[in-house]
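Below, chains carry the letters A, B, ... as their sequence lines are ordered, and counting in each starts from 1. Hydrogens, waters and symmetry mates play no part in the numbers below; they use all other heavy atoms, side chains included.
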There are 4 protein chains.
Amino acid sequence: MSGTLNKVMLIGHLGDDVKMHYFEGGNSIGRFPLATNETYVNRQTGERVTNTEWHNIVVRNKAAEVCEKYLSKGDKIYVEGRIKTRQWQGDDGNTRYSTEIQVTDFTFLSTKKESGDNNFSQAGPSSSTENRPAGNNPTPPQDTGEDDDLPF
Amino acid sequence: MSGTLNKVMLIGHLGDDVKMHYFEGGNSIGRFPLATNETYVNRQTGERVTNTEWHNIVVRNKAAEVCEKYLSKGDKIYVEGRIKTRQWQGDDGNTRYSTEIQVTDFTFLSTKKESGDNNFSQAGPSSSTENRPAGNNPTPPQDTGEDDDLPF
Amino acid sequence: MSGTLNKVMLIGHLGDDVKMHYFEGGNSIGRFPLATNETYVNRQTGERVTNTEWHNIVVRNKAAEVCEKYLSKGDKIYVEGRIKTRQWQGDDGNTRYSTEIQVTDFTFLSTKKESGDNNFSQAGPSSSTENRPAGNNPTPPQDTGEDDDLPF
Amino acid sequence: MSGTLNKVMLIGHLGDDVKMHYFEGGNSIGRFPLATNETYVNRQTGERVTNTEWHNIVVRNKAAEVCEKYLSKGDKIYVEGRIKTRQWQGDDGNTRYSTEIQVTDFTFLSTKKESGDNNFSQAGPSSSTENRPAGNNPTPPQDTGEDDDLPF
DNA sequence: TTTT
DNA sequence: TTTT
């Protein structure tokens, strides 16, 4: 089924620290805002304009814990994932939307905290560690919740 | 400035035809919904689940016209672009968000209408035509509005 | 270590059927050539030029078997992977190079043979099945050789 | 025509400075090696293995000059482009191959030399400057050779 | 609202 | 060697 692709690749800076939530059963989720910039020169005025785009990044389980451990506000990261728009009913009865980037791979491009290995993937890292066996994670947390039904 | 990346790559099916808007001065914009699917098997129940993600695709000027000419509801397309979230104040005073994919490149993967050339880029096509000179567009529309200040 | 990215994304047509090799221990490898085209108009002459680029695609184990089963010469496929250049000494003593695309994800865009599921990933499929549990593969072949030391 | 995609995205470190070549007519080309790493743990031995992959990066004209000006050996860069394999006859009569990455976009992730703007694209930068007008390049070199017939 |  |  399918034959479709939903891929996002971002390089940006964390607008805040990683916020973690832990669930019963051992699952966890981390969230942080990521800023990307676009700069251009306005044709009419000749002035330089910079727009910042904010992305809602969502990481899960092991990946979330690694991010929380090594990333701080201001750090630079490469993130790969999928676009997911959640919707719900607002108090006023209108449908509201929130678009998130669900991370599948990332690699740290700068970290304030010390980091040993800055390459990761929910399903095997992107650069060369796609087939990394467990040895890379000395004390791995429960490998659960990847296809969970959490309301996030 | 910058050192950031904001890139989206989608392969999906049009949920509707391309809707065009034309502006004074020759600029135009085309919009259409694009569906991508994700399929997985629920761990607990063993049943197969398909989720559809809908993306708001925005194309401009020449690219928009090419899309409108050749694409129809149901067609399959590869789209490359940037994520852009617009926000505004709702009637209730709350901030509302709408996330769009602003297309920079695309290539048709199926078309119901006849197509001669199914490869395009706002800034040079993706496969090999990145540096395509004007000859490819015998009667090019105004090359304006790429860095415009349109309220979209 | 790392903080690097090595990613290739191709949409193209198979120039030949998938050629399989099976190893003792249950590992397997599939290879096929993939063509991508680039078209541009020569500035001086005004004539349209198409260049074809051939890529050496390498798929392993389950993924290889799925490709062999459903893909034929001429079929269109989306392929994601890493660039890997192998080198060896030629008979003349010179170093020789061969660059391959080692596939991590793919999705069929057309198949002559019948296909049920055309979305796959060595490490979880790209669209939505990244976390697909085993139920998707009723009789999974040995899950070996992902981090093997095979001379390929 | 086409409906194909040939896209490469790399984050890596320069193995050497940018080597420039200038042509009559104002065209130029810059070349440098880029290293990406892949790390995994060998299943049998449990030891950590790092492989380095070297990519032949090719940049043209304005982009080449920007790279030469700001990049040095060891710097980190994000590069986007196309795979191109050139072939020729060796002295021994055998066909020889060399695979290059022809850059269409890049963004600096670190520079030893001082850099004002580290975001660029042959056809408009990737993050937000895709439509950047000329103002960004105070003294632009000749905008030629993008679809040239140079033997590179 | 698409597709298999 | 593919495809339009």
- What is the distance, rounded to the nearest whole Å, between atom NE2 of B:H13 and atom C1' of E:dT3? 4 Å
- Message: Whole angstroms only, please: what is the CZ-P distance between B:F108 and E:dT2?
- Response: 20 Å
- Tell me: CG of D:N6 to C1' of F:dT3, nearest whole Å? 15 Å
- Query: Can A:T36 and A:H55 be counted as having a side-chain donor-acceptor contact under 3.5 angstrom?
  - Reply: yes
- Item | Residues in side-chain contact (heavy atoms from CB on, under 4.5 Å) contact with B:V18, at least two apart in sequence or another chain | B:L14, B:M20, B:F32, B:C67, B:E68, B:L71
- For residues A:R96 and A:Q89, determine if any side-chain heavy atom of one lies less than 4.5 Å from a side-chain heavy atom of the other. no
- Message: Please determine whether any donor N or O and acceptor N or O are separated by less than 3.5 Å between the side chain of A:T4 and the base of E:dT3.
- Response: no
- Query: Which stems, defined as runs of 3 or more consecutive Watson-Crick or G-U wobble pairs with both pairing distances under 3.5 Å, involve DNA chain E?
  - Reply: none
- Do B:K76 and C:L109 come within less than 4.5 Å of each other through their side chains, counting heavy atoms only? yes
- Is the base of E:dT1 touched by the side chain of B:D16 through a donor-acceptor pair closer than 3.5 angstrom? no
- Euclidean distance, atom CZ of residue C:F32 to atom C1' of F:dT2 [Å, nearest integer]: 12 Å
- Query: Which heavy atom in C:G81 sits nearest to a heavy atom in C:I101, and how many Å separate them?
  - Reply: CA-CG2, 4.5 Å
- Please state how far atom CD1 in C:I77 lies from atom P in F:dT2, giving the value in whole angstrom units. 17 Å
- Derivation of the salt bridge (charged side-chain N to carboxylate O under 4.0 Å, His left out) call for A:E80 and A:K7: CA-CA 7 Å; A:E80 192 173 321; A:K7 175 146 313 239; 2.6 Å; yes
